[in-house]
Asks: 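The structure that follows is given in the form of structure tokens.
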Amino acid sequence: MDLEQSFEALLQRPILSKLPEFQRNERLKHVIFAQQFDRDLLDHLCQVASMIRTISRNRPGQDFLTGLLSHRRAMLYFTQPSTRTFLSFMAACQILGIVCNEIRDPTLSSEYKGESPLDSMRMFSSYFDAIIMRSNVAQFAECSAYLMNELDARQQRSVPIINAGSGADEHPTQALLDIYTIQRSFEFSSPKDTLRNSRFDQLRSKYPSLTLGLSNKVYGFCGDVGRGRTVRSLSTLLSLWENVTIYFIAPDYPKLAPRQDMLDRLREAGVRVHRARALRDVIGELDVLYMTRIQHEHNTDADREFFETFDQSKYILTSELLPEMREYCAIMHPFPRNQEIPPEIDLDPRAMYFRQARNGMWIRAALLAHVFDADGRIVTYHQKNYGLTRQDA
Ligand code: CP
């Protein structure tokens, strides 16, 4: 794909200089990089996601939500396999009334006859109001956003591009759902809480330094952290919080180890970054454990040779390790999983990964509402029907 040729000069720039082009006034126009989100926007999206969750619990609320964007259409262009991202975006569209269509196999489109992917994008923009895309080609989403910006500058039809995973690059909306899941995990609210006794109070008696929220936490990313785009996007967002420590628990093999540019960027942002060679060595220190699978689909012949003798056991969360973990440590995984989290761990109350996947639906609905300027109406409806939230007060 000759994407670099089309937009070479634009692609070469430092990421921060690109961000204003993906904004429209105070709103995201395209969603391409995790760096587009600041703390205010993340807090707002998490708040709107929780409001959508509450509103959708009853029929009048569902009717309100499905009426919000029923005049909009979205194209789900997923040419790389996906279960969660595809389905949660589809469900998010359905929650908001957005009609969506899909292309998952480009050989069933005119790309089979030689149409260029960028021509395809322009065609989609003729019929749809947003393009949500996953591709194994790094920077394809970014190039598609530049194409839309060029059309916009010529006052031609242009629609938002939402990156649902691009090559080994970025997975910004996965990072959103991860942040939302961590935020919910560290609210420590439980139906059993009373004014005199809450789960948070109980935990604080054992862990005096424990705080609510994402600050003051120790995060561990374990497994194939070098090739995991979710690790890159989430660690970028975590650096927005105060007093964050990250352990990258990965073998020294260069493909699996954290990339130097990511480590430098995190340190520059004030994150304390450490390396660990085995999960067991640090598991007791973690507030959040983010497991990842080994991404064998990216292996070269040399990688395959390395994996013939590779011992993965140091990067597997076994039942024997569970007692060593903090009582409240959130176990996360973007999924799909292989053997790094055996199914018996699913019964542990700290296992968050299925909730994490469901949270993807709520936060992606919040993101779409933001892009289409419908989030204000969700806040108003929520305030009218459920009163002020803690953040509104
Ligand atoms: N986490 C994630 O991106 O899952 P899918 O590949 O199934 O979309």
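For clarity, every value in this text was computed on a predicted model and none was experimentally measured. Just follow the structure's listing: the first ligand is 1, and inside any ligand the first atom is 1. Counting begins at 1 with the first residue of the sequence.
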Asks: Donor-acceptor pair, Gln36 side chain versus Phe33 backbone, under 3.5 Å?
Replies: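 Yes, because the side chain of Gln36 sits within donor-acceptor range (under 3.5 Å) of the backbone of Phe33.
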
Asks: May I ask you to test the Phe37-Thr236 pair for a side-chain heavy-atom distance under 4.5 Å?
Replies: no

Asks: Considering heavy atoms of the protein only, find what lies nearest to atom 1 (N) of ligand 1 and give residue, atom and distance to 0.1 Å.
Replies: Pro334 O, 2.8 Å

Asks: Please state which protein non-hydrogen atom is closest to atom 4 (O) of ligand 1 and give its distance, to 0.1 Å?
Replies: Arg84 NE, 3.1 Å

Asks: Are the side chains of His171 and Thr173 in touch, meaning some heavy atoms are under 4.5 Å apart?
Replies: yes

Asks: Does an N or O from Phe335, backbone or side chain, lie closer than 3.5 Å to an N or O of ligand 1?
Replies: yes

Asks: I'd like to know if the side chain of Arg199 and the backbone of Ser190 have a donor-acceptor N/O pair within less than 3.5 Å.
Replies: no

Asks: With Met90, which of Ile132, Leu76, Thr85 fulfils side chain to side chain contact (heavy atoms under 4.5 Å, CB included)?
Replies: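 Option passing the side chain to side chain contact (heavy atoms under 4.5 Å, CB included) with Met90: Leu76.
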
Asks: So which heavy atom in the protein is nearest atom 7 (O) of ligand 1, and how far is it from that ligand atom?
Replies: Thr83 N, 2.7 Å

Asks: What residue and atom, counting heavy atoms only, is the protein's closest point to atom 6 (O) of ligand 1, and at what distance?
Replies: Arg134 NH1, 2.9 Å

Asks: Flag the pair Thr79 / Val137 as yes when at least one side-chain heavy-atom distance between them is below 4.5 Å, and no otherwise.
Replies: no

Asks: Atoms of ligand 1 less than 4.0 Å from His171 heavy atoms?
Replies: 3 (O)

Asks: So is there a nitrogen or oxygen of Phe86 less than 3.5 Å from a nitrogen or oxygen in ligand 1?
Replies: no

Asks: Can you name the atoms of ligand 1, numbered from 1 with element, that are less than 4.0 Å from a heavy atom of Gln174?
Replies: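 Listed by number with element, the hits are 1 (N), 2 (C), 3 (O).
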
